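First comes the structure, then the notes that go with it.
Predicted, not measured: the structure shown is a model, and the values here were computed from it. Every number for a ligand or one of its atoms is a count from 1 in the order of the listing.
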Amino acid sequence: MKRFFNVCKKALCVLSAGALFAGLLAGCGAAPADDGVLHVGLIQYMEHTSLDEIRTALEAQLEARAAEEGLTIEVDVQNAQGDPTNINSICTKFVSDGVDAIVAIATPAAAGAAGVTEDIPIVFSAVTDPVTDLQLNSLDAPGGNVTGTSDNIPVEEIFRVAGELTPDASHFGLLYCTSEPSSAGVIENAKACLDGEGKTYTEAAITNASEVQQAAQTLAEQCDAIFIPIDNTVAKAMSVVAETAIEAKIPVYVSADSMVKDGGLASAGVNYTNLGQKTADMVIEVLKGADPATMPVQTMDDVNVVVNEETAAAIGVDVSAYTE
Ligand code: TRP
């Protein structure tokens with residue numbers, strides 16, 4: 001799907017018959033690279049509440065900033081539906097189209113883009129651990145053609161909230177997908193937190209979305225609470241996890257507000273609308289000529305605790321400390 005922001009008069013007048021004819025005579029019937037339009041390829045890893053929120057905010061901010069800066073930007077918006085083959089073909093096409101910048105939402109999309117070009121600037125959004133997963137030199141000076149925004153996950157704060165809301169929960173189920181790079185580090189931190197608090201855990205490491213329901217069911221039978229890292233595959237099936245946990249009357253602590261919206265009990269994390277906007281601001285800088293190599297990765301300073309009051313009521317947990 002292609003979206004034009006701030007379509008300029010010049011581009012519009014090409015559509016009138018006389019101008020089209022003149023344009024054809026001049027040999028510029030097809031959109032050339034120097035048509036005054038900046039071409040952006042946007043790839044979203046998959047559809048789920050949080051990635052959709054990021055994309056919506058990012059597109060709106062790009063449109064607003066383009067108008068402000070007097071830029072004409074054409075965004076080719078693509079969704080890989082969680083499929084590695086799609087990621088590769090979408091990114092390869094962006095490169096052969098000669099886009100001016102690639103915007104990639106979530107780690108697998110960003111890694112796919114980074115894998116196909118070392119020249120075209122890539123601005124990523126919501127990559128949890130970009131230094132490890134995108135091989136940047138550092139957050140402050142990425143060093144190559146790749147920079148963007150990162151969603152830092154305050155794992156300790158999530159477990160602090162868990163200890164406050166359900167102090168008796170001592171055996172946690174850790175539910176994540178083995179193919180999600182963003183989950184790996186968060187799971188390590190979660191285990192360290194639980195070890196530090198003298199709590200125990202059972203892991204359910206799934207390999208694809210179809211295993212989410214069964215894994216959630218097993219954990220709900222064995223554990224007092226479930227923890228979910230920043231995992232796209234589990235997030236997509238969050239309502240199934242929430243239903244299962246509510247039935248078993250156990251709390252689910254998650255790593256993003258979207259998973260609370262989708263039925264989890266509580267989370268502490270960043271605001272993904274702000275993160276999408278920040279990403280768009282970086283895209284504008286890049287389109288104006290800034291070099292990703294020296295543009296620091298932006299992280300989010302504000303962390304908010306969010307709770308789902310309906311879920312809390314359904315499982316009998318008092319969340320009034322966070323709602324009043
Ligand atoms: N941080 C994730 C990644 O690096 C993407 C993400 C953003 C996400 N918001 C989320 C994952 C909410 C799960 C739930 O891929």
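At distances below 3.5 Å, at least one donor-acceptor pair connects side-chain atoms of N86 with backbone N or O atoms of A80. Without hydrogens or angle criteria, D262 side chain to S239 main chain gives no donor-acceptor distance under 3.5 Å. Put simply, the side chain of D52 never gets that close to the backbone of E47: no donor and acceptor are under 3.5 Å apart.
Residues I153 and V252 are members of separate hydrophobic clusters, defined by side-chain heavy-atom contacts under 4.5 angstrom among Ile, Leu, Val, Met, Phe, Trp and Tyr.
Using a 4.0 Å cut-off between heavy atoms, A235 contacts ligand 1 through its side chain alone, with no backbone atom that close. Within the 4.0 Å heavy-atom criterion, the part of D231 lying near ligand 1 is the backbone and not the side chain. Residue-level proximity to ligand 1 for Y45 is absent, since no heavy atom of it falls below 4.0 angstrom. When non-hydrogen atoms are compared, ligand 1 lies under 4.0 Å from the side chain of M259 (C-beta onward) but not from its backbone. Only the side chain of D151 comes within contact range of ligand 1, with a heavy atom under 4.0 Å; no backbone atom does.
A salt bridge does not link E156 to R160: none of the charged side-chain nitrogens sits closer than 4.0 Å to a carboxylate oxygen.
Among protein heavy atoms, the minimum distance from atom 9 (N) of ligand 1 is reached at S50 OG, 2.8 Å. N232 OD1, 3.2 Å is the protein heavy atom nearest to atom 11 (C) of ligand 1. Given atom 2 (C) of ligand 1, the protein heavy atom at minimum distance is A126 O, 3.3 Å.
Residue contact check: T107 has heavy atoms under 4.0 Å from atoms 3 (C), 4 (O), 15 (O) of ligand 1. Listed by number with element, the atoms of ligand 1 under 4.0 Å from a non-hydrogen atom of A256 are 12 (C). Heavy-atom proximity to V127, at under 4.0 Å, picks out these atoms of ligand 1: 4 (O). Per-residue contacts place A106 under 4.0 angstrom from the following atoms of ligand 1 (heavy atoms of the residue considered): 5 (C), 15 (O).
In this structure, the side-chain hydrogen bond (donor to acceptor under 3.5 Å, both in side chains) partners of E211, at least two apart in sequence or on a different chain, are T207.
A 6.0 Å sphere centred on CD of Q213 holds no more than 12 heavy atoms belonging to other residues, nucleotides or ligands.
Under a 4.0 angstrom heavy-atom cut-off, E180 registers as lying outside contact with ligand 1.
Residue pairs meeting the ring-ring contact (aromatic ring centres under 6.0 Å, His included) criterion with at least one partner in residues 136-185, sequence neighbours excluded, are F159-F172, F159-F227.
With values rounded to the nearest 0.5 angstrom, D76 atom CG is found 6.0 Å from K93 atom NZ.
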